[in-house]
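Atoms within a ligand are numbered from 1 in the order they appear, just like the ligands themselves.
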Amino acid sequence: MALIVQKYGGTSVGNPERIKNVARRVARFHAQGHQVVVVVSAMSGETNKLIALAKEVQASPDPRELDQVCATGEQVTIGLLSMALMDIGVPARSYTGGQVKVLTDNTFTKARILSIDDAPMRRDLDAGKVVVVAGFQGVDEDGNITTLGRGGSDTSGVALAAALKADECQIYTDVDGVYTTDPRVVPEARKLDTITFEEMLEMASLGSKVLQIRSVEFAGKYKVKLRVLSSFQDEGEGTLITVEEDKNMEQPIISGIAFNRDEAKLTILGVPDKPGIAYHILGAIADANIDVDMIVQNVGHDGATDFSFTVNRGEYAKAKGILEKVKADLGAREVTGDNKICKVSAVGVGMRSHPGVASRMFKALADEGINIQMISTSEIKISVVLDEKYLELAVRVLHRTFGLDQAV
Ligand code: ADP
Ligand code: ASP
Ligand code: MG
């Protein structure tokens with residue numbers, strides 16, 4: 001008998017028939033004698049609808065109130081799934097994040113989990129019940145409802161698995177595992193049987209939304225056995241996220257291509273080239289709770305320099321407003337920006353031992369006439385910022401260049 005946490009995403013619970021289908025899968029595990037905790041997302045499209053609704057009422061929704069609104073999506077699915085389970089004779093009980101309780105900090109819309117009380121869930125599990133928990137949501141110490149950021153149900157699932165010391169956390173979604181790149185963009189993408197935590201962390205942080213990045217961080221930190229599988233297929237082992245590289249196999253140089261359409265680039269031109277400038281610019285951005293991704297500072301000329309960075313596209317206008325103020329403070333020349341960019345990255349632990357990966361990547365892009373606007377590298381990834389119109393082309397070309405296409 002094992003304790004298994006299963007997380008089902010929005011498409012997997014997208015209509016009553018699919019919810020009943022999930023109930024049947026859960027029932028099979030339950031019938032085999034396993035203890036099952038199920039974490040569910042809102043029905044597909046629901047969270048987007050709730051956010052749009054909020055924006056119709058208040059252009060920039062108050063974060064606390066937005067969380068009140070958004071958390072309702074998951075509250076619907078936990079109730080429905082519990083009913084579907086009871087209907088086929090499986091005892092079940094649903095919990096909101098607050099009822100569990102999933103304690104978070106009070107950073108509304110992107111709260112972090114601080115602790116989880118596993119006692120109520122254990123009582124139910126020991127009594128033979130399936131426990132159904134709302135993903136994406138928690139509660140702060142003052143009892144306010146919080147949410148964990150888009151895609152946050154993955155993190156709920158892994159965090160519950162960590163708290164319960166579950167034998168496995170299974171992420172059921174609408175693809176049958178982690179692929180070499182998004183199979184919706186490159187049909188030749190291949191499913192990976194395993195991927196290392198390190199690579200998955202990079203893939204997730206560089207835009208592969210199959211797993212929310214925090215869920216991978218959590219799984220790595222608490223040694224949760226994590227697997228991505230399809231909720232629409234009964235067969236298949238999915239993709240196991242592993243700690244170790246497979247020592248028996250020749251490690252591919254590149255394991256996957258990730259991309260992100262949600263980026264925007266900002267540049268502040270003609271800032272004084274002196275100590276403290278980066279802090280002055282990025283400190284103001286950080287104070288507004290805006291995450292900065294790539295950062296580039298040019299070599300100075302005549303006592304001045306230019307500074308560029310990227311942020312999430314949704315925070316572009318806010319970041320630009322802050323930079324205008326910084327410009328006035330510093331006596332900088334100009335603030336420019338572009339919110340029609342994308343970031344494409346090649347990821348692989350194999351590149352540590354293979355020089356020349358960057359030049360292969362740049363040549364492949366140059367051969368297609370694609371201009372690179374920014375570059376950033378680490379030991380296991382190379383990212384480039386491009387005009388968003390080149391996204392699909394760049395991903396396909398790099399996928400082919402690094403030999404990731406399915407053998408035909
Ligand atoms: P869920 O609603 O189940 O959480 P998501 O839409 O968040 O599902 O994540 C699954 C989607 O992630 C897939 O439909 C796929 O388009 C996308 N995706 C992006 N990159 C990858 C990848 N490397 N491997 C598999 N899926 C990917
Ligand atoms: N429903 C939330 C979202 O759409 C959380 C999730 O699906 O993981 O972002
Ligand atoms: Mg998701």
Query raised in the report: Measuring from T109:OG1 to L66:CG, what's the distance to the nearest 0.5 Å?
Result: 7.0 Å
Query raised in the report: How long is the gap from CG on L323 to CG on D329, to the nearest 0.5 Å?
Result: 11.0 Å
Requested in this report: Please confirm whether D154 comes within less than 3.5 Å of ligand 2 when only nitrogen or oxygen atoms on both sides are compared.
Outcome: no
Report task. May I ask whether E74 has any heavy atom positioned less than 4.0 angstrom from an atom of ligand 2? Result -> yes
Query raised in the report: Does a side-chain N-to-carboxylate-O contact under 4.0 Å join K49 and E46?
Result: yes
Query raised in the report: So, S215 versus Q212: side-chain donor-acceptor pair below 3.5 Å or not?
Result: no
Requested in this report: Would you mind listing which atoms of ligand 2 come within a distance below 4.0 Å of any non-hydrogen atom of T47?
Outcome: 1 (N), 2 (C), 3 (C), 4 (O)
Report task. Could you tell me whether some N/O pair between D174 and ligand 1 is separated by less than 3.5 angstrom? Result -> yes
Query raised in the report: What atoms in ligand 1 come closer than 4.0 Å to a heavy atom of V178?
Result: 24 (N)
Query - Protein heavy-atom partner closest to atom 8 (O) of ligand 1 - residue, atom, separation in Å - result: T173 OG1, 3.1 Å
Requested in this report: Ignoring hydrogens, tell whether any protein atom lies closer than 4.0 Å to atom 3 (O) of ligand 1; use the non-hydrogen atoms only.
Outcome: yes
Query raised in the report: Going by an N to O cut-off under 4.0 Å, is there a salt bridge joining D262 and K209?
Result: yes
Query raised in the report: Within the side chain of R227, is there an N or O that forms a donor-acceptor pair under 3.5 Å with the backbone of E237?
Result: yes
Report task. Would you mind listing which atoms of ligand 2 come within a distance below 4.0 Å of any non-hydrogen atom of G151? Result -> 3 (C), 5 (C), 6 (C), 8 (O), 9 (O)
Query raised in the report: Does any N or O atom in T180 lie less than 3.5 angstrom from one in ligand 1, N or O only?
Result: no
Report task. Measure from the side-chain N and O atoms of T180 to the backbone N and O of R190, and report whether any donor-acceptor pair falls under 3.5 Å. Result -> yes
Query raised in the report: Between M203 and ligand 1, does any nitrogen or oxygen pair lie at a separation below 3.5 Å?
Result: no
Report task. Please report the closest heavy-atom contact between R122 and A163, naming both atoms and the distance. Result -> NH2-O, 4.2 Å
Query raised in the report: Going by the order shown, which atoms of ligand 2 are within less than 4.0 Å of some heavy atom of R150?
Result: 3 (C), 4 (O), 9 (O)
Report task. Tell me which protein heavy atom sits closest to atom 14 (O) of ligand 1, plus the residue, atom name and distance to 0.1 Å. Result -> R184 NH2, 2.6 Å
Query raised in the report: Is Q212 near ligand 1, meaning one of its heavy atoms is under 4.0 Å from it?
Result: no
Requested in this report: Name the closest protein heavy atom to atom 7 (O) of ligand 2, giving the residue it belongs to and the distance to 0.1 Å.
Outcome: S41 OG, 3.2 Å
Requested in this report: Answer yes or no for G177: is there a heavy-atom contact with ligand 1 below 4.0 Å?
Outcome: yes
Query raised in the report: Quick one: nearest non-hydrogen protein atom to atom 15 (C) of ligand 1, plus distance?
Result: D182 OD1, 3.3 Å
Report task. Kindly indicate whether a cation-pi arrangement holds for R93 with Y95, taking the cut-offs as under 6.0 Å to the six-membered ring centre and within 45° of the axis. Result -> yes
**Report entry** ligand 1 versus K191: contacting region, heavy-atom distance under 4.0 Å
**Finding:** neither
Requested in this report: Determine, using heavy atoms of G152 and all atoms of ligand 2, whether some pair is separated by less than 4.0 Å.
Outcome: yes
Query raised in the report: So does E392 pair up with R261, basic N to acidic O under 4.0 Å?
Result: yes
Query - Derivation and outcome, side chain to side chain donor-acceptor pair (under 3.5 Å), residues T146 and T104 - result: CA-CA 7 Å; T146 56; T104 71; 2.7 Å; yes
Query raised in the report: Which one holds for V210 and ligand 1: side chain close, backbone close, both close, or neither close, with close meaning a heavy atom under 4.0 Å?
Result: both
Report summary line: Near G10 (heavy-atom distance under 4.0 Å), the atoms of ligand 1 are 2 (O)
**Report entry** Close approach, G135 and ligand 2, non-hydrogen under 4.0 angstrom
**Finding:** no
Query raised in the report: Considering C70, S44, S153, S156, which one's heavy-atom position lies nearest to atom 6 (C) of ligand 2?
Result: S153
Query raised in the report: Which one holds for K209 and ligand 1: side chain close, backbone close, both close, or neither close, with close meaning a heavy atom under 4.0 Å?
Result: backbone
Report task. Give yes if a backbone or side-chain nitrogen or oxygen of Y179 is under 3.5 Å from a nitrogen or oxygen of ligand 1, and no if not. Result -> yes
Report task. Please step through salt bridge (charged side-chain N to carboxylate O under 4.0 Å, His left out) for the pair D154 and R214, ending with a clear verdict. Result -> CA-CA 8 Å; D154 296 334; R214 280 199 204 152; over 6 Å; no
Requested in this report: Please determine if E379 and R352 form a salt bridge, counting it only when a charged side-chain N lies under 4.0 Å from a carboxylate O.
Outcome: yes
Query raised in the report: What class does the angle between the rings of Y172 and Y8 fall in, given that below 30° is parallel, 30 to 60° is tilted and above 60° is perpendicular?
Result: parallel
